[in-house]
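A quick write-up on the structure given underneath.
These values consider heavy atoms only, across backbone and side chains, with no hydrogens, waters or symmetry-generated copies.
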Amino acid sequence: MEKKTASFTDIIILAGGIGERLWPASRPDSPKQFMSLPDGVSFIQSSLLRSLALEPEGRIIIITKRDLLEKTAESVRELSARLSAAEQEKIHTSLLILTEPFQRHTTAALVLASRMLELQDGKTHTLLVLTSDHVIAPTEAFVSDSRKAAQAALQDYFVCFAIPPSSPDTGYGYIKAGEALTPDGTVAKIASFQEKPDLATAQQYLASGRYAWNSGMFAFTSSFFLSEVKKRAPDVSAAFDGLTAPPEAAQLPGGISYIQGWQSMDAVYEKVPSIAVDKSVAERTDRAAAVKATFSWDDVGSWDAFEKYFSRNADTTVEVNARNNFVYSDIPVALCGVDDLTVVIKNGRALVMKKGSAGLMRDVVKAVKEQQKG
């Protein structure tokens, strides 16, 4: 690939999810991205720290639901108080919370951010898209791999991050590597995307050495991405034809900028189709590439995964003739004569689940919602 400056102008953090699989700790008004691991740093704050480590030239844009504006801003303020003066200045001058009127999945959110940036200055932007609810380490490896992603993005590729699989996991989508784009093979074209497989297929993927997990993070230039959306998902592109330049950002306490009252955005969201960017662009473009990640990655998508980051809390949990249980609770819990349970008591709700049953969580949340309606 031709050498160009490998840096990002802007970072987009997607923070509109609801984290149903971590119910009841994750709920619509305080979803997973605001939960913290034992270090006391929330998922969304960790994403912001990674964004700062990349030293983007322009904006750090957090895209979230309108009713999460205040909670998102509070997370930023809490983190900012612990940062260096230079990092605080970057947040005050460059961070923007962009609120969506409705949830329309990731394609609409990324088109919105790309169009907004181009409307503001008439230039193309090199963008890195991060999630707000993953665990990634170490930061140095993530920054190094992201520079490789920027390099590929500048060559007009839609870039993903390929996570070397550590197990035949059936909960992730997979990427099959194709032709190498760099001499060391760390950046390659994507031969195909594979849906979440059954166990036998996942075992075959792992054994072949040619498949990786798709992390859900992306890099691209705004001009290339918008042209691909127009080509691959014309109904989404057409919905944004009426988008006008955004209003001047308003300010929340702590000097946090946000955009909410954007009438043409609201009009677009009334009609734009809801589709994931994986489906609209990644799986349809002939310019998909992937960086082989050297960092560790975990989407912490279940209570089984969440447990890995915690040690047993003997101060609030009593176990009698009980083994291998995980308790995450606002109140003391005693367990007697039971094994292999996950017990979560948060926000006035309780979950008691046999370990290994995390695949049932969406059904649980659906059933709870139906019961509340009744």
Side-chain angles (χ1 to χ4, degrees), residues 7-17 30-37 39-100 109-110 112-114 116-121 123 125-140 142-144 146-147 149-150 217-219 222 245-262 265 295:
S7 62
F8 292 103
T9 53
D10 308 270
I11 310 295
I12 300 170
I13 301 175
L14 297 175
S30 185
K32 174 186 172 184
Q33 55 263 35
F34 301 109
M35 295 172 61
S36 298
L37 293 176
D39 62 4
V41 179
S42 69
F43 289 107
I44 193 170
Q45 289 171 338
S46 294
S47 296
L48 185 51
L49 287 172
R50 284 190 287 276
S51 300
L52 291 169
L54 285 162
E55 300 180 339
E57 301 165 16
R59 288 284 198 181
I60 298 173
I61 301 172
I62 301 176
I63 303 180
T64 191
K65 298 189 297 181
R66 192 160 285 177
D67 58 0
L68 292 178
L69 171 62
E70 293 291 344
K71 195 163 185 64
T72 301
E74 181 57 31
S75 290
V76 175
R77 281 191 290 268
E78 289 176 357
L79 179 65
S80 183
R82 304 196 293 268
L83 299 178
S84 68
E87 290 170 325
Q88 289 179 348
E89 180 64 17
K90 181 63 177 177
I91 285 178
H92 291 155
T93 58
S94 302
L95 185 123
L96 175 70
I97 302 175
L98 180 57
T99 65
E100 297 177 290
L110 297 180
L112 177 67
S114 299
M116 181 192 75
L117 289 166
E118 291 195 355
L119 284 167
Q120 288 179 319
D121 63 13
K123 300 176 182 178
H125 291 247
T126 309
L127 306 177
L128 177 65
V129 180
L130 305 181
T131 61
S132 60
D133 56 1
H134 292 174
V135 173
I136 290 172
T139 299
E140 294 77 11
F142 171 76
V143 169
S144 176
S146 294
R147 300 298 184 203
M217 299 183 293
F218 311 105
S222 57
E248 185 176 348
Q251 295 284 311
L252 289 168
I256 298 171
S257 299
Y258 74 99
I259 291 178
Q260 185 160 266
W262 185 1
M265 173 184 66
F295 54 85

### Task
State, yes or no, whether a side-chain contact exists between Thr72 and Tyr258 at a heavy-atom distance under 4.5 Å.
no
### Task
Answer yes or no: is there a donor N or O on one side and an acceptor on the other, between the side chain of Gln33 and the main chain of Ser132, under 3.5 Å?
no
### Query
With sequence neighbours left out, what residues match Glu78 under salt bridge (Lys or Arg N to Asp or Glu O under 4.0 Å)?
none
### Task
For the pair Thr9 (side chain) and Gly58 (backbone), establish whether a donor and an acceptor sit closer than 3.5 Å, ignoring hydrogens and angles.
no
### Query
Between Ser46 and Val135, is any pair of side-chain heavy atoms under 4.5 Å apart?
no
### Side-chain touch Thr64/Lys71, heavy atoms, less than 4.5 angstrom
no
### Arg77 and Ser80 side chains, donor-acceptor separation under 3.5 Å
no
### Query
Does the side chain of Ser114 reach to within under 4.5 Å of the side chain of His125, using non-hydrogen atoms?
no
### Query
Can you find a pair of side-chain heavy atoms, one from Leu98 and one from Ile12, that are under 4.5 Å apart?
no
#### Entry: Note, Ile61 side chain near Leu117 side chain (heavy atom, < 4.5 Å)
yes
### Query
Could you go step by step and tell me if Leu127 and Leu110 meet the side-chain contact (heavy atoms from CB on, under 4.5 Å) rule?
CA-CA 10 Å; Leu127 306 177; Leu110 297 180; over 6 Å; no
### Task
Would you check if the side chain of Ser146 reaches a backbone N or O of Phe142 as a donor-acceptor pair within less than 3.5 Å?
yes
### Query
With a 4.5 Å heavy-atom cut-off, do Pro247 and Ile259 have their side chains touching?
yes
### Message
Tell me every residue that passes side chain to side chain donor-acceptor pair (under 3.5 Å) with Arg82, counting only those two or more places apart in sequence or in another chain.
### Response
none
### Task
Nearest 0.5 Å please: distance from the CD1 atom of Ile63 over to the CD1 atom of Ile97.
11.5 Å
### Query
Quick one: does Ile136's side chain get under 4.5 Å of Leu130's, heavy atoms only?
no
### Message
Which residues pass the side chain to side chain donor-acceptor pair (under 3.5 Å) test with Lys90, not counting sequence neighbours?
### Response
Ser94
#### Entry: Test item: Thr131 side-chain N/O and Ile13 main-chain N/O as donor-acceptor pair under 3.5 Å
no
### Message
Run the side chain to side chain contact (heavy atoms under 4.5 Å, CB included) test against Ala53 and tell me which residues pass, sequence neighbours left out.
### Response
Thr139, Val143
### Task
Test side-chain contact (heavy atoms from CB on, under 4.5 Å) on Val76 and Leu252 and set out the steps.
CA-CA 11 Å; Val76 175; Leu252 289 168; over 6 Å; no
### Query
In chain order, what residues pass the side chain to side chain donor-acceptor pair (under 3.5 Å) check against Ser84, with sequence neighbours excluded?
Glu87
### Task
Tell me yes or no: between the side chains of Gln251 and Ser257, is some donor less than 3.5 Å from an acceptor?
yes
### side-chain contact (heavy atoms from CB on, under 4.5 Å) assessment of Leu128 paired with Met217
CA-CA 8 Å; Leu128 177 65; Met217 299 183 293; 5.5 Å; no
### Message
Could you work out, with side chain to side chain donor-acceptor pair (under 3.5 Å) as the rule, every residue matching Ser75, not counting sequence neighbours?
### Response
none
